[in-house]
Amino acid sequence: MPELAEVAYFANRWRPGLDERVREVVIHPKARVFRELERPRAMPEQLARKRFQEIRTHGKQMLFGFEDRWLVGHLGMSGKLWCAPVNHRVEKHDHLVIRLRHRQLVFTDPRMFGSWQLLDEAALDSLWNHLPPEVTDRRFTKARLAAFLQRRARRPLKAVLLMQECFPGIGNWMADEVLWRTQLDPRRLAGSLTEPEVAALWKKLRLVCRQAMRIIGTDWGTPPRTWLFPHRWKDGGCCPCGAPLVREDVGGRTTCWCPTCQES
DNA sequence: TCCTATGTTGTATG
DNA sequence: ACATACAACATAGG
């Protein structure tokens, strides 16, 4: 489910717990979501008694600060964060539960494509502080976009927009939304864009990221009907222009576009 | 039963 | 070394 703005939304579900201390951490040490931890069993004790102080996100990554330890989480395909009352009992897909005095911070993920890491200050510096610029960042320049499209010249645009190394936070629906607004066929090869097309793509990438964060990021609002978003999910949908939308596999992912608005 | 799912990664191949 | 293509991961729901 989660892309840029949904990730920001979920990260903020833990906000009510800020300033509280960790009483207990409950995990399933063998759950796939802890595959990046060297010693999953050590994690609960490393967080015990620490104060929850900070929430940040970067693309689809979330960072939670606990004094001198930082949890980095990724929600995968089906992960969710929420605050549970203190009497909540751990359920089947609750893989990480951080118990505070007044609530519990819960990570639920049926498919277990999500992942968690625990960083110390050195690891935080080497990992979190060297991420690529976000799409809305001033350093995400048109030249940077053009260079990346050239490097991935033989892949369809749709597949390229999903590459987190250049487009942190862009996922399946956001990629389709951006291409629809840019009126580019998702099957076009990245290296085939003209300079004005690159400029338009850059502009729409930034626009969709900003608007998604504003509408979905804080309270999971519903994007208006003027977006592709509400029309794209199942077969039989129509573009706001009236034409039937196409849904097909492009670059390994189901892709939705308007054959009228997005000419090849 | 079969197909799909808002994601990433490992591996084979060119 | 670099780029590309695709299976694999695990589960639920239609």
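Here the structure is a predicted model, which means the values were calculated and not measured. Below, chains carry the letters A, B, ... as their sequence lines are ordered, and counting in each starts from 1. Heavy-atom basis, side chains included; hydrogens, waters and symmetry copies ignored.
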Next on the checklist: With rounding to the closest Å, how many angstrom separate the P atoms on C/dA10 and B/dT11?
Outcome noted: 15 Å
Item to check | Integer angstrom distance from the C1' of B/dT9 to that of C/dA12 | outcome: 23 Å
Item to check | Nucleotide nearest A/Thr254 (side chain, heavy atoms from C-beta), chosen from C/dA12, B/dG7, B/dA5 | outcome: B/dA5
Item to check | Closest to the A/Arg32 side chain, choosing from B/dT8, C/dT11, C/dA10 | outcome: C/dA10
Separation of [X] atom [atom1] from [N] atom [atom2], in whole Å?
X	N	atom1	atom2	answer
A/Asp109	C/dA12	CG	C1'	12 Å
A/Glu6	B/dA5	CD	P	16 Å
A/Leu4	B/dT8	CG	P	12 Å
A/Glu91	C/dT11	CD	C1'	16 Å
A/Met62	B/dT8	CE	P	12 Å
A/Arg253	C/dA7	CZ	P	14 Å
A/Met77	B/dG7	CE	C1'	5 Å
A/Phe148	C/dC2	CZ	C1'	13 Å

Next on the checklist: What verdict does the salt bridge (Lys or Arg N to Asp or Glu O under 4.0 Å) test give for A/Glu165 and A/Arg152, after you've listed the backbone C-alpha separation in whole Å, the side-chain angles of each residue and the deciding distance to 0.1 Å?
Outcome noted: CA-CA 12 Å; A/Glu165 67 210 83; A/Arg152 304 295 179 174; 3.0 Å; yes
Checklist entry - Which word best sums up how the rings of A/His88 and A/Trp82 line up, parallel for under 30°, tilted for 30 to 60°, or perpendicular for over 60°? => result perpendicular
Item to check | Parallel, tilted or perpendicular: ring planes of A/Phe52 versus A/Phe64, cut at 30 and 60 degrees | outcome: tilted
Next on the checklist: Looking only at the aromatic ring of each residue, does the gap between the centers of A/Trp220 and A/Phe10 stay below 6.0 angstrom?
Outcome noted: yes
Checklist entry - Quick one: are the ring centres of A/Trp173 and A/Phe229 less than 6.0 Å apart? => result yes
Below 4.0 Å: OP1/OP2 of [N] and any side-chain N or O of [X]:
X	N	value
A/Lys92	C/dT11	no
A/His93	C/dA10	no
A/His74	B/dT8	yes

Checklist entry - Hey, does A/Gly76 reach any base, or is it just sugar-phosphate, or nothing, if we go heavy atoms under 4.0 Å? => result sugar-phosphate
Checklist entry - For A/Ala8, does its backbone N or O pair with a side-chain atom of A/Asn12 as donor and acceptor, under 3.5 Å? => result yes
Checklist entry - A/Arg206 side chain to A/Val135 main-chain N or O, any donor-acceptor pair under 3.5 Å? => result yes
Checklist entry - Which is it for A/Glu67 and A/Arg69 under the salt bridge (Lys or Arg N to Asp or Glu O under 4.0 Å) test, yes or no, and what are the steps along the way? => result CA-CA 6 Å; A/Glu67 300 182 25; A/Arg69 290 290 184 279; over 6 Å; no
Checklist entry - Is A/Arg111 side chain donor-acceptor paired with the B/dA5 base, going by distance under 3.5 Å alone? => result yes
Item to check | Stacking of A/Phe113 on B/dT8 base (centres under 5.5 Å, planes under 30°) | outcome: no
Item to check | Pair A/Lys158, A/Thr255: side-chain N/O donor-acceptor within cut-off below 3.5 Å | outcome: yes
Checklist entry - In residues 209-240 of chain A, which residues come under 4.0 Å of DNA chain B by heavy atom? => result A/Trp233
Checklist entry - Can you list, by residue number, the residues of residues 149-178 of chain A that have a non-hydrogen atom closer than 4.0 angstrom to DNA chain B? => result A/Gln164, A/Gly171, A/Asn172, A/Trp173
Checklist entry - Which pair of non-hydrogen atoms, one from A/Ala159 and one from A/Gly251, has the smallest distance, and what is that distance? => result CB-CA, 4.3 Å
Checklist outcome for this item: Residues A/Cys83 and A/Leu105: closest non-hydrogen pair is SG-CD2, 3.6 Å
Checklist entry - Does NZ or CZ of A/Arg103 come closer than 6.0 Å to the centre of the six-membered ring of A/Trp14, within 45° of the ring's axis? => result no
Item to check | Secondary structure string for DNA chain C (Watson-Crick or G-U under 3.5 angstrom, | for other-strand pairs) | outcome: .||||||||.||||
Item to check | Option among A/Gln104, A/Arg49, A/Arg99 that satisfies the side-chain hydrogen bond (donor to acceptor under 3.5 Å, both in side chains) test with A/Glu24 | outcome: A/Arg99
